[in-house]
Amino acid sequence: MEREYVEQIADREDSFSQWYLDVVLRAELADYAPVRGCMVFRPYGYRIWELAQADLDRRFKETGVQNAYFPLLIPESIFKKEAEHIEGFAPEVAWVTHAGQEQLAERYLVRPTSETIIGTMYAKWIQSYRDLPVLINQWCSVMRWERRTVPFLRTTEFLWQEGHTAHRDEADARERTMMMLEVYRAFLEDFLAIPVVPGRKTPNEKFAGAVDTYSVEALMGNGRALQAATSHYLGDGFARVLGIDFLDADGQRKYVHMTSFGLSWRVIGALIMVHGDDRGLVLPPSVAPYQVVIVPIAPEAVRDQVLGEARRLADGLGGVRVHLDDRPEYTPGWKFNEWELRGVPIRLELGPRDLEAGQAVLVRRDDGRRRPVPLAQVAETVQRELAAMQGDLYRRAARFREENTHEAAGVDQLEAILQDRRGFIYAGWCGDGACELAVKERTGATIRCLPLDAPAPSGNCLHCGRPAQHRALFARAY
RNA sequence: CGGGGCGUGGCGCAGUUCGGCAGCGCGCGCGGUUUGGGACCGCGAGGUCGCCGGUUCAAAUCCGGCCGCCCCGACCA
């Protein structure tokens with residue numbers, strides 16, 4: 001039999017990163033811009049972001065978070081106030097030094113994150129414990145001058161949301177930190193169909209300026225880990241240097257305890273790498289710009305008839321994002337490949353033979369199964385299959401993760417697993433950062449997180465052999 | 001930032017060894033025939049050969065410098 005599908009993207013097994021880039025470009029999610037490390041987020045990709053954004057934004061608002069917007073530029077004097085913070089970001093900060101020909105009295109940095117400028121405003125707004133908590137999020141872009149960039153995963157400028165909250169005490173702030181981590185977990189698993197491991201970062205891996213950093217970690221199709229979102233308990237460090245204090249009910253002046261949490265367009269990269277296959281993108285119905293594409297097979301003699309029925313079919317799919325591809329210049333086969341590459345969950349084929357039989361042919365993107373559906377039942381079947389596919393994609397990704405999750409008793413074993421098949425690797429850890437760094441040095445794997453649901457540690461540290469204090473999740477990471 | 005590879009019409013590439021008319025496939029435009037897994041025929045448009053400099057009668061090709069992209073490693077959402 002002849003080759004059934006056209007070669008247009010790199011082989012996913014042989015060259016995963018080339019496959020990833022091919023999908024990004026060929027599916028028209030993004031394109032390279034004439035700016036170092038920057039990309040253009042094209043309409044099809046941006047629509048995915050809008051759908052994800054709308055859902056996550058709704059989840060934030062359900063917890064009382066409001067949206068606002070703060071400036072792109074941050075005065076150097078303000079950013080420098082938190083020592084650990086500036087030290088962490090200094091190497092990748094872009095500076096604004098001139099307005100026209102004139103040199104500015106003070107340099108501004110293009111925000112790499114907004115803790116300091118938002119905190120500065122909180123200092124003005126917060127006087128009393130009655131003003132707390134303050135729960136604000138902003139959708140914006142930030143800039144970090146990374147050395148090596150990859151579309152969506154690591155770009156010089158990227159879109160994200162950053163939430164910043166101020167609280168009366170540590171307990172309230174910590175509760176918010178965990179609440180937002182759970183919002184991310186639910187969003188990623190339920191909406192993007194990406195299974196994640198929630199956990200706490202080690203001191204080596206935490207956010208510059210945070211007391212504790214939590215993240216949700218996902219496993220990509222090539223066995224590498226990706227941090228999909230983070231939530232930080234910042235303590236009162238930022239409050240102290242920025243002067244965010246309030247008068248408590250007991251008459252004492254106190255500093256607020258803060259949190260911040262963020263998720264970026266990196267999750268678009270995760271979608272590609274978790275769900276994609278040899279034929280390209282596979283989108284969960286929840287974030288698919290088109291959930292259904294109708295491809296009419298319309299020879300000249302029956303053209304009007306087929307297109308008329310195709311339009312009726314589209315109109316009958318209320319509440320579903322449907323696209324009728326009636327371009328005459330492309331053949332049906334071309335369209336099949338095109339929409340599969342772009343990840344549309346369901347394709348409906350409608351041709352003369354179907355009209356005679358009073359049916360359409362339904363094909364699911366994830367399993368490729370094709371079957372005839374009577375026209376009267378198409379709407380109902382589409383709804384059912386979209387819902388089923390959402391769940392199936394999650395379960396498939398979860399199964400892949402289970403199959404690629406291992407245990408390592410020592411560094412040798414960890415190294416062997418990484419060479420052989422990568423994936424998530426659990427191992428005992430004594431809690432010493434030196435052991436963590438030694439493992440990284442030798443194997444390239446880092447502790448992605450200390451999973452929250454991990455059972456009590458048993459056995460010994462994989463590196464030094466002392467009793468394990470944690471059950472750590474190791475992986476090579478993006 | 002280190003190691004490797006690559007920059008030639010929109011995309012994928014040949015040509016570079018050994019200097020001598022810039023080519024091929026796809027795509028694009030027009031006309032015609034076509035439509036159940038990337039249709040076919042004909043005509044046509046489109047290139048400062050990544051950039052700057054040098055050698056030469058002559059440079060995509062040789063020399064020097066620079067820039068960009070990709071892959072593999074050290075830092076990050």
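Every chain is numbered from 1, with letters handed out A, B, ... down the list of sequences.
- Base engagement by A/Thr155 is indicated by at least one non-hydrogen atom pair under 4.0 Å involving a base atom.
- Stacking of A/Arg347 on the aromatic ring of A/Phe336 is recorded, both the 6.0 Å distance cut-off and the 45° axial limit being met.
- Of the side-chain N and O atoms in A/Lys440, one or more sit less than 4.0 angstrom from OP1 or OP2 of B/C75.
- Among the nucleotides B/U35, B/C70, B/G73, the one closest to the side chain of A/Pro299 is B/U35.
- Here the separation of B/U55 from B/U61, taken at their P atoms, is 15 Å to the nearest Å.
- For the C1' atoms, the distance linking B/C51 with B/G7 amounts to 11 Å, nearest Å.
- Taking atom P on both nucleotides, B/U56 is separated from B/C63 by 16 Å, rounded to a whole Å.
- Across all strands, A/Leu21 comes closer than 4.0 Å only to sugar-phosphate atoms, never to a base (heavy-atom distances).
- B/G54 and B/G19: their C1' atoms are spaced 15 Å apart (whole Å).
- Per the geometry, CD belonging to A/Glu162 stands 19 Å off P belonging to B/C76, to the nearest Å.
- Nearest nucleotide to the A/Thr230 side chain, out of B/C71, B/A39, B/A77: B/A77.
- In this structure, the aromatic ring of A/Trp160 is not positioned over the six-membered ring of the base of B/A77 within 5.5 Å between centres and 30° between planes.
- Residue A/Glu349 is classed as a base contact, given a heavy-atom separation below 4.0 Å to a base.
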Exercise. Between A/Val150 and A/Tyr20, is a side chain to side chain contact (heavy atoms under 4.5 Å, CB included) present by the stated rule, with each step listed?
Worked result: CA-CA 10 Å; A/Val150 184; A/Tyr20 172 81; 3.8 Å; yes
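- Rounded to an integer number of Å, the gap from A/Asp11 CG to B/C71 C1' is 16 Å.
- Here the side chain of A/Asp354 is nearest to one of B/G73, B/G36, B/C75, namely B/G36.
- Taking the P atoms as reference points, B/C26 lies 11 Å from B/G42, given to the whole Å.
- Neither OP1 nor OP2 of B/A39 sits under 4.0 Å from any side-chain N or O of A/Tyr330.
- In this structure, A/Phe41 has its ring center closer than 6.0 angstrom to the ring center of A/Phe152.
- Heavy-atom nearest nucleotides on RNA chain B were determined for A/Leu437 and for A/Glu329, and the one closer to the 5' end corresponds to A/Glu329.
- Pair check for B/C26 finds B/G10; Watson-Crick or G-U wobble, both atom distances under 3.5 Å.
- Comparing the same atom, C1', in B/U16 and in B/A59 gives a spacing of 10 Å after rounding to whole Å.
- In this structure, A/Leu181 and A/Leu452 have side chains that are in contact, with non-hydrogen atoms separated by less than 4.5 Å.
- A straight line from CZ of A/Arg147 to P of B/G73 spans 16 Å, rounded to a whole angstrom.
- A gap of 9 Å separates the P atoms of B/G9 and B/U48, to the nearest Å.
- With P as the reference atom, B/C13 and B/A45 are 26 Å apart, rounded to whole Å.
- The side chain of A/Arg347 lies closest to B/G37, out of B/C70, B/A39, B/G37.
- Atom C1' of nucleotide B/G37 and atom CG of A/Asn337 are separated by 6 Å, given to the nearest angstrom.
- Between A/Arg148 and B/A74, a side-chain N or O to OP1/OP2 separation shorter than 4.0 Å is absent.
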